[in-house]
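Have a look at the structure below, then the notes.
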Amino acid sequence: MASGLFIGGRWLDHGTRVANINPSDTLDPLGDYNWGTVADVEAAVAAARAAQPGWAAVLPEARARLLRRVGDELLARADELGRLMAREQGKTVREGRGEVIRSGEIFHFFAGETVRNHGVFTPGLREGFTITVSQEPVGVIGVITPWNLPLSIPAWKIAPALAYGNTVVFKPSELTPDCAFVLTDMLERAGVPAGVFNLVMGNGRDLGPALIDGCDAITFTGSGPTGAAVVAATAGQMKKVQAELGGKSGLVIDKTCELDLAVEVAFQGAFHGTGQRCTASSRIIVLDAVRDAFLDKLLKRMADSRIGHALEEATEIGPVVDQRQLDKDLGYIDIARTEGGEVLGGGSVLERPHAGFYLAPCLIATTNNGARINQEEVFGPVASVLAAHDLDEAIAIANDVHYALSSGICTTDLIAAETFRSRSRAAMVTVNAPTAGLDFHVPFGGRAPSGYGPREQGIAAREFYCEYKSTYVNVSGHL
Ligand code: NDP
C-alpha cells in the first residue's frame, strides 16, 4: 500500500517517522509513517488551488464516475479493509466491515448528487426580469477528521466536496493513517486529477493553522476544544466552517419499554465502538417503574459481553484506542466515584493474551445530573445511569446538558415517543434504537455546542460545499 504525503498527484516520503500502533496488541505495530510540515500543507493548498477551476469544469457525470469507482472498490474490499481498520483503530472486524460498506455507499450517494445539483429558475420582481439561482463550488476545502470513524467521516466530507467541484486537502487523525492511505490510493487509481485531492499527515496543532490560512473552507470533526479553536481561527478570516463536535446523549428508558429491546439498545448505544462515538448513549435515564428489572438485565448483558482483540470475529467490544484515552476513561470513573457515583459493573482494566488497552464496559449510578460524569464527554465505554419518576422528569434530565447532538427513548407508548421527539433539544432523535449509528442520506450533526455551521450528509451537505449564485437577466430592453 502506498503511504506518505500525497500532494499534487505525487506520493512524497519525507518528514519525521512516527509509529502506527495496534491498540489490540502493542507488540503488533502496523509500521511507521511520515509526518509532514507546514511547508507540505502550503504545497498541498497551492496544488489544490491550481487544480480547482479545472475540476469544477469537469462534467458532472465524469465526477460521478470517479466517485462511483471509489465506492465500488470500498464495497468490494469491505472484508480486507474492515480488518485493517480493526487492526489500526481497535473497532471490531464486524464494525470495521460495516464502516467500509457505509463509506462505499456514501461515495455512491454523492456520485448521484453530482448530476442532481439542480438550481432554481424564477421570474424576477421587475418586468422582463428572470432569475436563476445556481450553486457553485466553494473552492479549496480543508478536511480535518478524528480517529473514531477513520473511513466514514473522511468519506462523508471528501465525497461531497469532490462531487460539487471543490478540491481537497485532507488532514486525518494521526492515530489512523493507514485508513487515509487506503482512501488516497483508491482516489488516485480511480483517476483523480493531480492536485484535486491531497493528503497531509501530521500533528493537528502544528498543521491546522496553515490549513485554515490556505483553504477557503474547513470541515472539521473532533473534540469541542479543538473545534472551538478551529471555528475562532476561521471566523477571524471570515471563512466558511463546519464543525461536528462532542456529545453526551441521553437515552430514556420509559416504563412501557419492551425490556429486552431496551437493554440491547442501551448496551449497543453505550458500548459498541468501545463507546468512542460522539453519539454514544452515555447517559441512560431510567424510569423508576422499570429501573431494577432494566439494570439487572443490562448488567448481565455487560458481564456476558465478549471484550477482546478486535480481529477476533467473536469480539463484541474492542480495545480503547490508546493509552491516553484509556487513562482518560479511568480518570472519569474516578471522578464519578469522588462525586458520589457508584460503579454498578465493569470499569476495570482487563488482562488479555495480547498487550492492548482493554477496559470492561462501565456503568455508574449517579443521582446528580450536574456531576462531571453526566456533563462531560468521556469518549469511552463508560455510561452513567440516572433515575426519573416520570417522563417529564426524564426529558428534563435528558435536556439538562450543554451538548445537543443526539438523544433517544425506548418506549411502546406513541404519545411518549412523540412527546420526547418534540421536546428533545438534541438535533437527532431515535425511538427504540441506539442514539449512535445513524444513516448517511439525511442531515447529520448537532446544535451548538455539539455542532457549528451547516449540517453534514444527505442533501444537507450542499449547504456547506456550495455557494449560491443568483443571476438576474433583463430581457425587457429598458429599466
Ligand atoms: P481532536 O479534536 O483531538 O482531533 C480531531 C482532528 O483535529 C485531528 O485530526 C487532530 O489532529 C486535529 N487537530 C488537533 N488540533 C488541531 C488544531 N489546533 N487545528 C486544527 N486541527 C487540529 O479529536 P479526536 O481525534 O480525539 O476525536 C474525538 C472527538 O471527536 C470526540 O470529542 C468526539 O465527540 C468527536 N467526534 C464528533 C463527531 C460528530 O460528528 N459530532 C463524530 C466523531 C467524533 P491530530 O489528532 O492528528 O493531532
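When a ligand or atom number is given, it counts from 1 through the structure's own listing order. As the structure is a prediction and not an experimental result, all values here were calculated from the model.
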Next on the checklist: Looking only at the aromatic ring of each residue, does the gap between the centers of W147 and F379 stay below 6.0 angstrom?
Outcome noted: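 Yes: the rings meet the under 6.0 Å criterion.
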Next on the checklist: So that I know where these two stand, are F440 and W156 an aromatic pair - ring centroids less than 6.0 Å apart?
Outcome noted: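 No, the ring centres sit 6.0 Å or more apart.
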Item to check | Contacts of D72 that satisfy salt bridge (charged side-chain N to carboxylate O under 4.0 Å, His left out) - sequence neighbours left out | outcome: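 Scan of D72 (salt bridge (charged side-chain N to carboxylate O under 4.0 Å, His left out), adjacent residues dropped) gives none.
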Item to check | With sequence neighbours excluded, residues passing salt bridge (charged side-chain N to carboxylate O under 4.0 Å, His left out) with D79 | outcome: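 Expected list: R97.
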Checklist entry - Which protein residues have a heavy atom under 4.0 Å from ligand 1? => result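 Only I144, T145, P146, W147, N148, I153, K171, P172, S173, E174, G202, N203, G204, R205, G208, F220, T221, G222, S223, T226, V230, E244, L245, G246, C278, E377, F379, L405, F444 have heavy atoms that fall under 4.0 Å of ligand 1, ordered by chain and number.
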Item to check | Nearest heavy atoms of D25 and H354, plus distance in Å | outcome: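 Heavy-atom minimum between the residues: OD2-ND1, 3.6 Å.
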Checklist entry - Considering residues at least two apart in sequence or located in another chain, which fulfil the ring pair (Phe, Tyr, Trp, His ring centres under 6.0 Å) criterion with Y452? => result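 Per chain and number, Y452 pairs via ring pair (Phe, Tyr, Trp, His ring centres under 6.0 Å) with no residue.
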